[in-house]
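To keep things clear, I will list the structure first and then write my remarks on it.
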Amino acid sequence: MQIIYCLLIALMLVGVIGSVVPAIPGSSLILAAIIIWGIVNGSVAVIKIPLIVTGIVLLLSMGVDFLAGYIGAKQAGASKWGQIGAFVGLFLGFFGLLPALPFGGPLLGMLIGPLLGAIIGELLYQKDLGKAVKAGIGITVGTVVGNLLQGVLAVGAVVVFIWTTWTQVFGG
């Protein structure tokens with residue numbers, strides 16, 4: 001039972017990383033691990049509180065994801081072109097389709113890609129480099145802040161799970 005518990009916590013930690021890093025499942029992995037723990041125990045009662053907390057975290061994460069990017073883009077005066085460019089840049093940066101970076105790999109590409117994508121998208125729309133750079137920075141900052149908030153929410157869900165289930169596995 002302890003091995004399964006530790007493996008599920010490891011899965012949850014991958015979920016925490018996924019909450020911060022796009023393209024890796026986040027809160028949904030944490031939720032799946034909690035459900036698996038309930039199945040292994042044969043009781044929904046043991047996971048009731050972590051399940052409720054994680055459900056709330058999942059909903060909040062979706063809201064934070066949407067709002068952070070939107071607020072960052074709006075504050076910087078970005079258009080839909082900049083937002084589309086940021087998304088394309090994120091994809092290209094993560095999968096390494098940008099020219100090879102000398103260091104940092106996909107993680108650095110996930111920061112540089114959206115910035116460059118938003119700038120290019122805004123340049124296509126506004127043809128003003130200053131506004132394009134401002135919009136690119138706004139979108140990128142909003143996205144990074146949103147990802148960090150999602151990470152904090154995910155850590156909170158994992159902590160609640162461990163807090164409420166630890167004694168079931170390792171005793172009081």
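Worth saying up front: this structure is predicted, and the values here are computed from it rather than measured.
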Test ring pair (Phe, Tyr, Trp, His ring centres under 6.0 Å) applied to Trp163 - qualifying residues, sequence neighbours left out: none

Closest heavy-atom pair and its distance - Gln126, Lys131: OE1-CD, 2.9 Å

Any pair counted as side chain to side chain donor-acceptor pair (under 3.5 Å), so long as it reaches residues 4-17, sequence neighbours left out: Tyr5-Thr165

Between CG on residue Leu153 and CG on residue Leu59, distance to nearest 0.5 Å: 11.0 Å

Residue pair Leu129 / Val133, side-chain heavy-atom distance below 4.5 Å: yes

OG-CG distance between Ser19 and Leu58, expressed to the nearest 0.5 angstrom: 9.0 Å

Shortest non-hydrogen contact from Val16 toward Gly151: CG1-O, 4.4 Å

Glu122 (side chain) donor-acceptor with Trp81 (main chain) under 3.5 angstrom: no

Leu92 side, atom CG; Ile112 side, atom CD1 - distance, nearest 0.5 Å: 13.0 Å

Trp166 reachable from Val155 in the ILVMFWY side-chain graph, under 4.5 Å edges: yes

Value rounded to 0.5 Å, distance of CG in Leu8 from CZ in Phe161: 6.5 Å

Could you go through residues 36-56 and list every donor-acceptor pair under 3.5 Å that involves a side-chain atom there, pairing it with any protein atom two or more places apart or in another chain?
| from | atom 1 | to | atom 2 | distance (Å) |
| --- | --- | --- | --- | --- |
| Trp37 | NE1 | Gln168 | OE1 | 3.3 |
| Asn41 | ND2 | Trp37 | O | 3.4 |
| Ser43 | OG | Ala45 | N | 3.2 |
| Thr54 | OG1 | Pro50 | O | 2.7 |

Value rounded to 0.5 Å, distance of CD1 in Ile17 from CE in Met12: 14.0 Å

Leu115: side chain to side chain contact (heavy atoms under 4.5 Å, CB included) partners, not counting sequence neighbours: Ile119, Ile137, Thr140

Considering all heavy atoms, the nearest Ala118-Ile139 contact: CB-CD1, 3.9 Å

Verify same cluster id: Val169, Ile162 (apolar side-chain graph, 4.5 Å): yes

By side chain to side chain donor-acceptor pair (under 3.5 Å) - contacts of Gln83 (at least two apart): none

Linked hydrophobic residues, Ile3 as query - side chain contacts closer than 4.5 Å: Leu7

Co-membership, hydrophobic cluster, residues Leu60 and Ile71, 4.5 Å side-chain: no

Hydrophobic cluster membership, Phe87 vs Ile84, 4.5 Å side-chain cutoff: no

Inter-residue atom distance Leu11.CG - Ile34.CD1, 0.5 Å rounding: 10.5 Å

Closest approach of Ala154 to Ile30 (non-hydrogen atoms, all atoms of both residues): CB-CD1, 3.7 Å

